[in-house]
Amino acid sequence: MKRLAPFLELKGPKSFLAACILLALAALGAFLYFACRDVLPGHSPRNDPLLLGTNAILYNTQDADLISSLGGPGKVSARVTYYWNDIEPADGNWQFAVYDDLVKRATNAGIPLLGILGYSMKRVSVAAADLQGDPWAISFCPPDDIGQFATFAGTVAARYPEVHYWEIWNEPNAAYFWRPSPDPARYVQLLKLSYDAIKSANPKAVVALGGLSPGAGAGQLNTTEAASFLESVYQDGGKKYFDAVGFHPYNGGVPPDSYLAGYVNSVRDVMTRNQDGSKPVWITEIGWVVGGGTNGLSEAQQADYLSRSFSILYNLNYVQQVYWYNLKDYSNPATHVTPSPGTGCSPGIGTPVDYGLFHYDGSPRPAAAAFRKTLQ
């Protein structure tokens, strides 16, 4: 109060002026407080808030509880896959029980959802005829009839109007998820029909281009570079059929400061060249693995990289959403797994990787605390 004393002692017109000054200072303080509530410590205000999330399964209450522990209701989103082969195992035979429970669980916990719509299956793809297992065995070869996938997409969007965000396929520029090799023209066909089906079912839904693998840096085998694939999407007429671009800026164990902004800007540059810069970029996967090997980090390093990467992405105003991969380790470390390669259109069995904010048993890694701190 000592600094204010001279003002408080003034009388008459001067006291009126002093009161005005105090009110103006109070108004300025209130403005700065409300304008900066969504600012990470040490950062400038964004045009829009940054929605943070994590990739998860949400088949049980543990996932919902772990997500809730990261932030209050509405603060942390979850990216979840809606598998076509589970939902429509036979033509017109819709099985929604698992996903009804999943959406209800998320809604009750105040967890916004981003749904990945994927993939194909043995019964809808001639190329997948050699798949082992039932007719609905998962296939990463696209369906013969793209319209069937669009019907699936529209049906799911209509079923779950509380899910506002949808992503069409995952990493369509990677040969692992789009067999036998990336085909942007074919993907655009699937994108167009699916986008229209989702918007018809729920005009308020926001649809993202399937998260693109970078196609550069560590571990990027048989992948078309993200910028090149996105350019082809535009050239093939896909511009009107997505509201955001999904991107997965992985680079093995490389620290984010040395590459992340450049990776994301390379995608943004393609959007700008195609007069599409008003759309946001969604980082629907980003993460670093804990453990041995060339790209493995310590748990402390993983937490540090999370904080640094979120800070970098926060300062890219066009990045609207960021989803850490993964909520937890979903493979039991006590169970031996024998890796095997995929055949034709089928997924293989890989060595478990530990990207989680939480261990398999749900106990937190330091990365969970780092994630939580970004929301404070």
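Numbers here are sequence positions counted from 1. What you are looking at is a predicted structure, and each value in this text was computed from that prediction instead of being measured.
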Check: Ser311 side chain, Ser307 main-chain N or O, donor-acceptor pair, under 3.5 Å: no
Between Tyr160 and Asp100, a side-chain donor and acceptor under 3.5 Å: yes
Between CG on residue Leu114 and CG on residue Leu51, distance to nearest 0.5 Å: 9.0 Å
Partners passing salt bridge (Lys or Arg N to Asp or Glu O under 4.0 Å) against Arg105 (at least two apart in sequence or in another chain): none
Test item: Ile87 and Tyr83 side chains (from C-beta on) under 4.5 Å apart, heavy atoms: no
Shortest non-hydrogen contact from Val163 toward Asn202: O-ND2, 4.1 Å
Closest heavy-atom pair and its distance - Leu52, Thr374: CD1-OG1, 3.3 Å
N/O donor-acceptor pair under 3.5 Å between Asp243 side chain and Val206 backbone: no
Check: Gln301 main-chain N/O paired with Trp288 side-chain donor or acceptor under 3.5 Å: no
Residue list, salt bridge (Lys or Arg N to Asp or Glu O under 4.0 Å) with Asp236, at least two apart or on another chain: none
Pairs meeting criterion salt bridge (charged side-chain N to carboxylate O under 4.0 Å, His left out) with involvement of residues 280-291, two or more places apart: Arg79-Glu285
Reference residue Tyr355; test ring-ring contact (aromatic ring centres under 6.0 Å, His included); the match among Tyr325, Tyr330, Tyr305: Tyr325
Point-to-point distance, once rounded to the nearest 0.5 Å, from OG1 of Thr107 to CG of Leu113: 6.5 Å
Short side-chain to backbone donor-acceptor contact, Tyr241 and Leu193, under 3.5 Å: no
Side-chain (Asn85) to main-chain (Ser139) donor-acceptor, under 3.5 angstrom: no
Side-chain H-bond candidate by donor/acceptor type, Tyr323 with Ser77, under 3.5 Å: yes
Sequence neighbours excluded - salt bridge (charged side-chain N to carboxylate O under 4.0 Å, His left out) pairs with any residue from residues 57-66: none
Smallest separation among heavy atoms of Pro333 and Tyr360, with atom names: CD-CB, 3.8 Å
Heavy-atom side-chain contact between Thr54 and Leu357 under 4.5 Å: yes
Nearest-0.5 Å distance, NZ of residue Lys240 to CG of residue Asp196: 9.0 Å
Interatomic spacing from CG in Asn173 to OG in Ser181 - rounded to 0.5 Å: 12.0 Å
Stepwise side chain to side chain donor-acceptor pair (under 3.5 Å) check, Tyr318 with Asn265: CA-CA 10 Å; Tyr318 58 84; Asn265 282 329; 2.6 Å; yes
Donor-acceptor contact below 3.5 Å, side chain Gln275 vs main chain Arg273: yes
Derivation of the ring pair (Phe, Tyr, Trp, His ring centres under 6.0 Å) call for Tyr165 and Trp282: CA-CA 11 Å; Tyr165 308 122; Trp282 293 359; 5.3 Å; yes
Any residue meeting side-chain hydrogen bond (donor to acceptor under 3.5 Å, both in side chains) with Thr284, in chain and number order, not counting sequence neighbours: Glu167, His248
Check: Asn93/Gln95 side-chain N/O donor and acceptor closer than 3.5 Å: yes
Shared hydrophobic cluster for Val80 and Val76 (ILVMFWY, side-chain gaps under 4.5 Å): yes
Ring geometry between Tyr99 and Tyr82 (parallel below 30°, tilted from 30 to 60°, perpendicular above 60°): parallel
Thr272 side-chain N/O to Arg268 backbone N/O, donor-acceptor pair under 3.5 Å: yes
Any side-chain heavy-atom pair of His164 and Pro112 under 4.5 Å: no
Asn332 side chain vs Ala334 backbone, donor-acceptor pair below 3.5 Å: yes
Spacing of Ser346 atom OG and Ile138 atom CD1 [to the nearest 0.5 Å]: 10.0 Å
Pairs involving residues 292-301, ordered by first then second residue, that meet salt bridge (charged side-chain N to carboxylate O under 4.0 Å, His left out) (sequence neighbours left out): Glu299-Arg365
Pairs under 3.5 angstrom only: tabulate donor-acceptor contacts from the side chains of residues 148-155 to other protein residues two or more places apart or in another chain.
unit_1	atom_1	unit_2	atom_2	d
Thr151	OG1	Gly147	O	3.1
Thr155	OG1	Thr151	O	2.7

same_hphob_cluster(Leu375, Leu327) at 4.5 Å side-chain heavy-atom cutoff: yes
Phe140 and Tyr176 aromatic ring geometry - parallel, tilted or perpendicular at 30°/60° bounds: tilted
Contact check, side chains of Val245 and Met271, non-hydrogen atoms, under 4.5 Å: yes
Residues forming a side-chain hydrogen bond (donor to acceptor under 3.5 Å, both in side chains) with Tyr234, sequence neighbours excluded: Asp276
Pairs meeting criterion side-chain hydrogen bond (donor to acceptor under 3.5 Å, both in side chains) with involvement of residues 119-137, two or more places apart: none
Thr223 side chain reached by Ser213 side chain, heavy atoms, under 4.5 Å: yes
Whether Ser194 side chain and Leu191 backbone form a donor-acceptor pair below 3.5 Å: no
Check: Ile286 and Val322 side chains under 4.5 Å, non-hydrogen atoms: yes
Any Ile146 side-chain heavy atom under 4.5 Å of Arg186 side chain: yes
Reported CD1-to-CZ distance for the pair Ile67 and Phe358, which is rounded to 0.5 angstrom: 9.0 Å
With Asp183 via salt bridge (Lys or Arg N to Asp or Glu O under 4.0 Å) - residues at least two apart: none
Nearest atoms (heavy-atom pairs only) where Pro89 meets Asp86: CD-O, 3.6 Å
Flag side-chain contact, heavy atom, 4.5 Å: Ile168 against Val207: yes
Qualifying residues under salt bridge (Lys or Arg N to Asp or Glu O under 4.0 Å), relative to Asp257, sequence neighbours excluded: Arg308
Nearest heavy atoms of Pro339 and Thr351, plus distance in Å: CG-OG1, 3.3 Å
Check residues 224-233 and write down every donor-acceptor pair under 3.5 Å in which the side-chain atom is one partner and the other belongs to a residue at least two apart or another chain.
unit_1	atom_1	unit_2	atom_2	d
Glu231	OE1	Asn274	ND2	3.2
Glu231	OE2	Gln235	NE2	2.7
Ser232	OG	Ser228	O	3.3

Shortest non-hydrogen contact from Tyr187 toward Gly210: OH-N, 2.9 Å
Any donor-acceptor pair under 3.5 Å from Lys75 side chain to Ser68 backbone: no
Donor-acceptor side-chain pairing of Gln62 and Lys328 below 3.5 angstrom: yes
